[in-house]
Amino acid sequence: MVKLLSLTFKRKGRARGLFHYTLPLACIFAPLSFADGSPCGNSEQAQALSLLIAKDKKQQRKVLTCNPTLVELAEEKAKDMAQRGLVSHFLGGSPNTRIRNAGLTLPEYYGDAMSNQVEALAGGYKTADDVWYALKTSTSHRQHLLGELPFYQEQDQIGIAFFKDYSTPHVEYWAIYLTKLADTQRLPEAETKRPSTLLLSKRKKKFEQVPDKGLGIVTESGEVILQTKKPDE
């Protein structure tokens, strides 16, 4: 438990598939319930999924914080997927890029423009229980969401969204952002040209294994492993 301080062509019907601005208040997850009574997500379905992630007995994290900016990004992504009629990580930029474009700072050791170390997506699952079961059948998604690797264990910022549209191929769309944000520190005004200047702390942490989830997906018929290629490959 945790305390929480391939593209498809557009068509009618249901198709199952799983791909994998900050506000002052944050909701805090706690084992069995949330400390303030408010789970993390844009809807009841998303909030139910947040509880399943936080309360899973195999969850390796000790704390997760609901980040309103990530919730907003997740909602935008879910609606974008529905509008396009597909489930894909690379819509208007990679997952890592989407977070950076929102004004959030990822650690220096996170991947660049073609990387995904922060996003999990699903399409075609009606309930939080269904989508959580499907997510855990994928090794890369399970490692990310349950913090099974040291790289993922330090990720403590989460945002979840759910969007439903019967006129779209997958009908239900789920988006999860789970990441670490770079540490910042506020310098005394005497040491800066402008007051309240935020600077990135130089506490770069390195890992023996830096995973990249790439384009791996889970569908009703099984798992498909697709990885992005580096420029020199």
Side-chain angles (χ1 to χ4, degrees), residues 2 4-5 18-23 25-29 38-43 45-54 56 59 61 63-82 87-107 109-123 125 128 131-132 134-136 138 140-149 151-163 172-182 211-218 228:
V2 61
L4 190 68
L5 220 215
L18 173 119
F19 284 63
H20 266 320
Y21 289 6
T22 301
L23 301 178
L25 295 179
C27 54
I28 306 301
F29 293 71
S38 301
C40 186
N42 73 326
S43 65
Q45 295 90 338
Q47 292 169 7
L49 178 56
S50 73
L51 284 170
L52 290 172
I53 295 172
D56 194 285
Q59 177 61 251
R61 298 177 179 86
V63 62
L64 283 172
T65 300
C66 184
N67 187 304
T69 301
L70 296 180
V71 174
E72 185 172 339
L73 283 176
E75 184 172 29
E76 291 174 356
K77 184 60 179 280
K79 290 180 177 179
D80 191 14
M81 291 192 296
V87 178
S88 173
H89 289 298
F90 293 94
L91 302 178
S94 73
N96 286 16
T97 298
R98 288 178 72 93
I99 287 184
R100 291 181 173 119
N101 288 345
L104 300 178
T105 304
L106 295 176
Y109 47 88
Y110 273 53
D112 54 18
M114 293 302 293
S115 297
N116 175 25
Q117 291 144 342
V118 301
E119 182 184 78
L121 306 175
Y125 295 93
V131 74
W132 183 228
L135 286 163
K136 291 195 293 183
S138 167
S140 63
H141 291 77
R142 188 187 68 250
Q143 288 175 340
H144 175 213
L145 298 176
L146 291 180
E148 293 181 345
L149 303 179
F151 178 91
Y152 290 133
Q153 287 173 12
E154 69 168 12
Q155 293 182 329
D156 61 355
Q157 302 288 313
I158 192 170
I160 303 178
F162 171 83
F163 183 72
E172 296 91 8
Y173 298 82
W174 305 80
I176 305 168
Y177 285 102
L178 179 52
T179 186
K180 174 181 172 61
L181 298 178
D212 192 324
K213 295 166 66 180
L215 298 171
I217 65 170
V218 173
T228 55

Problem set entry | L49 versus A128, closest heavy-atom pair with distance | N-CB, 3.6 Å
Exercise. Within the distance-only criterion (no hydrogens, no angle test), does the side chain of N116 pair as donor or acceptor with the backbone N or O of P95 below 3.5 angstrom?
Worked result: no
Problem set entry | Set of residues satisfying ring pair (Phe, Tyr, Trp, His ring centres under 6.0 Å) with respect to F162, sequence neighbours excluded | W174
Problem set entry | L70 vs I158 side-chain heavy atoms within contact, under 4.5 Å | no
For this session: For residues N67 and Q157, report the shortest heavy-atom separation together with the two atoms involved.
Result: ND2-OE1, 3.1 Å
For this session: Taking the side chain as every heavy atom from C-beta outward, state whether K79 and Y173 have any atom pair closer than 4.5 Å.
Result: no
For this session: Report the residues that fulfil side chain to side chain donor-acceptor pair (under 3.5 Å) with Q143, sequence neighbours left out, ordered by chain and then residue number.
Result: none
Exercise. Out of curiosity, I53 CD1 to L146 CG, how far, rounded to the nearest 0.5 Å?
Worked result: 8.0 Å
For this session: First locate atom CG of N96, then atom CG of N101, and finally report the distance between them rounded to the nearest 0.5 Å.
Result: 11.0 Å
For this session: Side-chain contact test, heavy atoms from C-beta onward, threshold under 4.5 Å: evaluate it for Y109 versus K180 and give yes or no.
Result: yes
Exercise. Roughly how far apart are L91 CG and D80 CG, rounded to 0.5 Å?
Worked result: 5.0 Å
For this session: Could I get the full list of side chain to side chain donor-acceptor pair (under 3.5 Å) partners for Q155, not counting sequence neighbours?
Result: Y110, H144
Problem set entry | Rounded distance [0.5 Å steps], NZ in K77 versus CD1 in I176 | 12.0 Å
Problem set entry | Residues in side chain to side chain donor-acceptor pair (under 3.5 Å) contact with K136, at least two apart in sequence or another chain | D56
Exercise. How long is the span from the CG atom in L145 to the CH2 atom in W132, to the nearest 0.5 Å?
Worked result: 5.0 Å
For this session: Could you please spell out the steps behind the side-chain contact (heavy atoms from CB on, under 4.5 Å) verdict for T179 and L104?
Result: CA-CA 11 Å; T179 186; L104 300 178; over 6 Å; no
Seminar exercise, completed: Shortest non-hydrogen pair, M81 vs L121, comes out as SD-CD1, 3.7 Å
Exercise. What pairs with Y177 under side chain to side chain donor-acceptor pair (under 3.5 Å), at least two apart in sequence or on another chain?
Worked result: R98, E119
For this session: Of all the heavy-atom pairs spanning A74 and A161, show the shortest one and how long it is.
Result: C-CB, 3.3 Å
Problem set entry | Distance, nearest 0.5 Å, that separates CZ of R100 from OG of S94 | 7.5 Å
For this session: Over all heavy atoms of both residues, which pair between S50 and P39 is shortest? Give the atoms and the distance, please.
Result: OG-CB, 3.6 Å
Problem set entry | Expected output: side-chain S43 to main-chain A46 donor-acceptor under 3.5 Å | yes
Exercise. With distance as the sole test, does Q59 use its side chain to make a donor-acceptor pair with the main-chain N or O of L52 at under 3.5 Å?
Worked result: no
For this session: Look only at the side chain of S138 and the backbone of L135, and say whether a donor-acceptor pair between them is shorter than 3.5 Å.
Result: no
